[in-house]
Amino acid sequence: MKVSTFKTAGKFSLLVLSLLVAALMLVGCSGEEKKEAAEKAAPAAPEKITLKLAMDADPVSLDPQVQLSGGMLQFSHMVFDPLVRYDKDMNFVPRLAESWERVDDLTMRFHLRKGVKFHSGNDFTAKDVVFTLDRLKKSDDFKGLFEPFSGAVAVDDYTVDLVTKKPYGLVLNMATYVFPMDSQFYTGTDDKGKAKDLILKTDYSFANENESGTGPFVVTSREQGVKTVFTRFKDYWDKDTGNIEEIVLSPIKNDATRTAALMSGDVDFVMPVPPQDLDRIKSTDGLQLVTMSGSRIITFQLNGKRNPAFADPKVRLAMAYAYDNQGVVEKIMNGFATAAGQMSPKGYVGHVDSLVPRFDLDKAKSLMAESGFPNGFEATMIAPNNRYVNDEKIAEAFVSMMSKLGIKISLKTMPKAQYWDQFDAQVADIQMIGWHSDTEDSGNFFEFLSMCRNAETGYGQYNSGNYCNAKVDELTLAAQTETDPAKRAADLQEAEQIQYDEAGFIPLHWQNLSWASKSNMNTEDIVNVMNFPYFGDLVIK
Amino acid sequence: MFAFTVKRVLQAVIVMLIISFIGFAIKHNFGDPVRDLVGQRVTAAERAQIRERLGLNDPFPVQYVRFLRDALHGNLGQSYFFKKPATEVIVKKAPATLELVFCAALIIVVLSVPLGIYSAIRPKSLFSKIVMGGSIVGVSMPVFLTAILLIYIFSVELHWLPSYGRGQTVLLFGWWDSGLLTADGLKHLIMPSIALSSIMLPLFIRLIRSEMMEVLESEYVKFAWAKGIKPWRVWLVHAFKNTLLPVITVGGVQLGIMVAFTILTETVFQWQGMGSMFIESVERSDTSLMVAYLVFVGIVFVLVNTLVDIIYGLVNPTVRVAGRQ
């Protein structure tokens, strides 16, 4: 009996002892590791130039045509290469198309670069462009954009015509979306017996997991949501570009962690930069911050069909005068936005310099007194709370500003997962929406946000205010088939002016864009207002 | 014993049915997953078509029965975002979470036992007071704040530890991605495990301390002292052993809670486990994956609890388990 107690006691103390030792080892280990980390932090000669990149999300697929989103276009510019692309001033510069000319009203001819190879080793020719355009017209997301096109016609191996159904002024804008895919690589069936050119959003498809583009980088490993490795394509046609040999992309969703990763040196480049960390990064040695006024407009739409008060133009104008754009930009957006008086940002053809924000409370009050609702009224409003930068705070500020006119607004905010159904159903009198023109052209704003709603044609699809002006419709439609840039610009500017005069909606601001990186690279040269950094051109000194 | 086991398994099945029903009801009212799958230009009609293809337009009972039928075949649906079966996605993410929970549990055990014992034996010493004071701070500090503080101190200021992710991992048995076997992986584990353990550790110190103090007051300990047994034997062998039983019981329950806390920890550290996967699936309205995760975690909990109950009954016949006469 005594012996057995002793034995258990012995075992037990042994257990405690070993636990203690384990604890000590843990402490010891971490101490050693710290030393290692310190050694690593010292500059060791890197074998190859790697860019560690952190974004708030990663591409959803390797198929450039499966989804039209900022993330996918950023990916496309790394792995594929467009026919033409924008430079920093929004001019078109040649990429896979060396030059282009208008043959007639319907046809634009592109002369393609020779000697370009796909990642698979195949040669790039006109038939790949034809294949790509055909596939774009089958993609749920892109077919709307390419609806005006009847197709592409190969004239010879290195000449291709893009043909439109009607005269169309945005052929070059659309050519920035044509990222030629390797027709040979994507033709046939894969080992699961499915067609390789299948476009699938929610299931396995060959194109979702394999790629062959002409771009500067090849995807060499990918774990969705965790890490994607891009390796420089040896046979890339453009030798006169950056020196990055490898990009390791990690999505870091949490804002604070993304900033911390840059500041601790774990990553070299982050986008976007959370607004609250801008000053911190600016003031840190060895880091650089690049910001730019963006082209996403945030607006409130006022539904005159639901609430009779909003059918009165004087009320709408009064509200536009009562909203302090600049104040919100400074106080809520930390100065990280550009106050807007119209939809088109600077640089777009429809932009009119004189249409500036018009904050004037006295004017607003007198307009209100002249309107049919001198004593104010009640209204409902919805806004998302996780879609746009500070969306909820902006909506709250709007409510308090309108209360000065006697307009009592009951606001409801919700996550974007629930918001869009409510937005479509027009459940409230005032609804918030932000919009980025995917054609980088003013016409797109009007088509979706301010043309009269028409379920058949799809015009005014996101016009939840039901603003409707026949002249705006007419001008927008005219611009669609206008190929003379000057005439198009005049039409679109006139439409912008009409909306301003009638206060068809309340424009708030354009969200700014931001990128931060270590200071030994030419970050400023590779970023642009569309937010597609051209990583192929990045140089690390 | 057999009747008891059958009863427990039946209970488990009912619990699973309820979990799946609730999960599915949430999914049905959660929002439109198609919104996150398409660009802004895609028309309402085309979106409706996609929803139709995904079977999202069917009435709730039809979808639920289809879900149950598939679930019986081990298919918990398709993750829209990952474009893969949801179970595959979850199983791929499970090792990261489990390793994190394991390391946090290890920290808790290694630290709470000596600290708890010491502060029970010497409740009036300065060190005990510091430990107790510190544990109040630990309990009241939210996990994400602890995590951010750790990152700023050890990554941003001192450059000692990596700020995010799992680092280098090694593939074991063909599917278990382990970060425990590489120096880089271990380095990445330190801060997340500390953050995750920060809530539970003070609780355990306090639990062990109070249990231990109670035991130290008991008759048999007094008797042991009277017999002149050496102090360390009284403390460790006589007293601490009897402190353990309630601690283990509570520990089992807390382990489950810890899995839930990984959601915050994983989000801050961009730790690629099930927690951050779940949060992201909510944000993307990847509703299938969301439900699959709820059901999956439900299964794990129910299994563990059932197993614990059965083992408990087997090991210690004097413990009366609910449902066992």
Side-chain angles (χ1 to χ4, degrees), chain A residues 5 8-9 12-13 16 19-20 22-23 26 29-30 33-34 36-38 41 54 60-61 67-69 140-142 144-145 200-205 208 224-227 250-254 256-257 260-261 263-266 386 415-418 420-421 424 435-436 438 448 455 458 461-462, chain B residues 30-33 35-46 49-50 54 78-84 106-107 109-111 113-114 148 151-152 155-156 158-166 183 186-187 190 232-233 236-237 240-241 267-270 272 276-277 279-280 282-285:
Chain A
T5 335
T8 31
F12 195 77
S13 49
V16 172
L19 276 181
L20 258 169
L26 261 181
C29 277
S30 57
E33 274 156 17
K34 279 166 201 162
E36 248 174 58
V60 298
S61 166
Q67 186 166 353
L68 175 54
S69 64
D140 281 331
D141 274 45
F142 285 91
L145 271 178
L200 276 185
K201 278 186 180 295
T202 60
D203 213 332
Y204 161 85
S205 79
N208 275 341
Q224 195 175 359
V226 180
K227 195 168 107 177
S250 319
I252 303 183
K253 199 131 199 166
N254 187 288
T257 313
M263 301 198 50
S264 67
D266 291 336
N386 64 349
K416 63 177 183 203
Q418 283 90 53
W420 294 115
D421 287 339
D424 281 346
W435 196 263
H436 170 251
D438 50 21
F448 284 93
Q461 194 186 331
Y462 289 85
Chain B
F30 188 74
D32 181 5
R35 279 284 183 181
D36 226 56
L37 292 171
V38 301
Q40 56 188 21
R41 184 177 272 275
V42 175
T43 64
E46 282 164 334
Q49 267 176 19
I50 296 173
L54 295 174
Q78 181 86 6
S79 162
Y80 304 132
F81 174 75
F82 289 97
K83 310 182 200 322
K84 276 182 191 147
L106 200 72
I107 292 180
V109 170
V110 167
L111 290 181
V113 171
I148 293 275
I151 292 179
Y152 269 92
S155 302
V156 176
L158 299 172
H159 295 284
W160 285 354
L161 294 169
S163 53
Y164 76 97
R166 289 188 71 199
L186 285 174
K187 222 185 299 170
I190 296 174
W232 71 268
R233 282 211 58 191
L236 291 186
V237 182
F240 180 63
K241 246 170 101 180
T267 314
V268 177
F269 288 100
Q270 192 64 32
Q272 291 296 335
S276 61
M277 177 210 79
I279 283 292
E280 283 174 20
V282 170
E283 271 172 25
R284 297 187 185 108
S285 358

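Since the model is a prediction, treat every value here as computed from it, not as a measurement. Here is the naming used below: chain letters follow the sequence lines, and residue numbers restart at 1 for every chain.
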Asks: Quick check on A:Q224 against chain B: is it the side chain, the backbone, both or neither that has a heavy atom closer than 4.5 Å?
Replies: both
Asks: Side chains of A:N254 and B:Q270 only: does a donor on one sit below 3.5 Å from an acceptor on the other?
Replies: no
Asks: Here's a test for you: under side chain to side chain contact (heavy atoms under 4.5 Å, CB included), which of A:D141, A:D140, A:T202 qualifies with B:L37?
Replies: A:T202
Asks: Just by distance, with hydrogens left out, do A:D266 and B:S163 show a side-chain donor and acceptor under 3.5 Å apart?
Replies: yes
Asks: Relative to chain A, which segment of B:L54 carries a heavy atom at a distance below 4.5 Å: side chain, backbone, both, or neither?
Replies: side chain
Asks: How far does CZ of A:F448 sit from OG1 of B:T43, to the nearest 0.5 angstrom?
Replies: 9.0 Å
Asks: Please look at B:R41 and chain A and tell me whether the side chain, the backbone, both or neither of the residue comes under 4.5 angstrom of a heavy atom of that chain.
Replies: both
Asks: Between B:Y164 and A:S250, what is the shortest heavy-atom contact and its length?
Replies: OH-OG, 3.2 Å
Asks: For a 4.5 angstrom cut-off between non-hydrogen side-chain atoms, does B:F81 reach A:V60?
Replies: yes
Asks: Is A:Y462 in contact with chain B via its backbone, its side chain, both, or neither, using a 4.5 Å heavy-atom distance?
Replies: side chain
Asks: Between B:S79 and chain A, which part of the residue has a heavy atom less than 4.5 Å away: side chain, backbone, both or neither?
Replies: backbone
Asks: Please flag which part of A:K416 lies under 4.5 Å from any non-hydrogen atom of chain B: side chain, backbone, both or neither.
Replies: side chain
Asks: Let me know if B:E280 has heavy atoms under 4.5 Å from chain A in its side chain, its backbone, both or neither.
Replies: side chain
Asks: By a 4.5 Å heavy-atom criterion (distance strictly below it), what part of A:S69 contacts chain B: side chain, backbone, both, or neither?
Replies: neither
Asks: Looking only at non-hydrogen atoms, find the nearest pair between A:S61 and B:K83 and report the distance.
Replies: CB-CE, 3.8 Å
